[in-house]
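Please read the structure below before turning to the comments.
Computed from a predicted model, the values in this text were never measured in an experiment. Because only heavy atoms are used, hydrogens play no part in the values below, and waters and symmetry mates are left out as well, while side chains stay in. In listed order, ligands and their atoms are each counted from 1.
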Amino acid sequence: MTSQSPLIRLDDWPAGDFAEAEGLVEGIHSSILLYRQGDTVRGYLNTCPHAGRRLDWSPGQFLATKDGLLVCAAHGASFRMDDGECVAGPCRGEALLSVAVEVRDGGVYLAP
Ligand code: FES
């Protein structure tokens, strides 16, 4: 049992969608991009490898293609969500930095 608060509760978040949460990653207060597909949740730093800008155009508001690629709001780099790799745009071949998260008790938590 832990007193850690969830980054987000699953009840508040539809599957197949993006969300943003704030949390301590390696001791640094960070914005975290969360992607949910069914019961699987992936976490990445909300920082684009191209120019270090946030990926969302407004906090928690992300652009995506119809086939589920995340599109950086700054210059349009597109990222595959299963591994964070940039597959099109100015940082093609680079990747988002992964943040370890876990799903338990109906919420998403930073993994210990
Ligand atoms: S900062 Fe994301 S594409 Fe340039």
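- Using a 4.5 Å heavy-atom cutoff, the side chains of E94 and E85 are not in contact.
- Residue side and main chain included, H50 places no N/O/S atom under 2.8 Å of atom 2 (Fe) of ligand 1.
- Here is the list of ligand 1 atoms found below 4.0 Å of a heavy atom in A77: 3 (S).
- Proximity to P90 (heavy-atom distance under 4.0 Å) selects the following atoms of ligand 1: 3 (S).
- Residue contacts with ligand 1 for C72 involve side-chain atoms from C-beta outward but no N, CA, C or O (heavy atoms, distance under 4.0 Å).
- Within ligand 1, the atoms closer than 4.0 Å to a non-hydrogen atom of A51 are 1 (S), numbered from 1 in the order shown.
- The proximity of C91 to ligand 1, defined as any non-hydrogen pair under 4.0 Å, does not occur for either the backbone or the side chain.
- A cation-pi arrangement is not found for R36 relative to F18, the charged atom failing to lie both closer than 6.0 Å to the ring centre and inside a 45° cone about the ring normal.
- Here C48 meets the criterion, with an N, O or S atom under 2.8 Å of atom 2 (Fe) of ligand 1.
- Less than 4.0 angstrom separates some heavy atom of A74 from each of these atoms of ligand 1: 1 (S).
- Atom ND1 is the N, O or S atom of H75 at the shortest distance from atom 4 (Fe) of ligand 1.
- Not close to ligand 1: G89, with no non-hydrogen atom less than 4.0 angstrom away.
- Side-chain contact check for I32 versus L34: some heavy-atom pair is nearer than 4.5 Å.
- Follow the hydrophobic side-chain contacts under 4.5 Å out from V41 and you reach L7 in the same cluster.
- There is no path of hydrophobic side-chain contacts, each under 4.5 Å, that joins I8 to L33.
- Put simply, the side chain of L24 reaches to within 4.5 Å of the side chain of H29, judged on heavy atoms.
- Within the 4.5 Å cutoff, the side chain of S78 has no heavy atoms near those of the C86 side chain.
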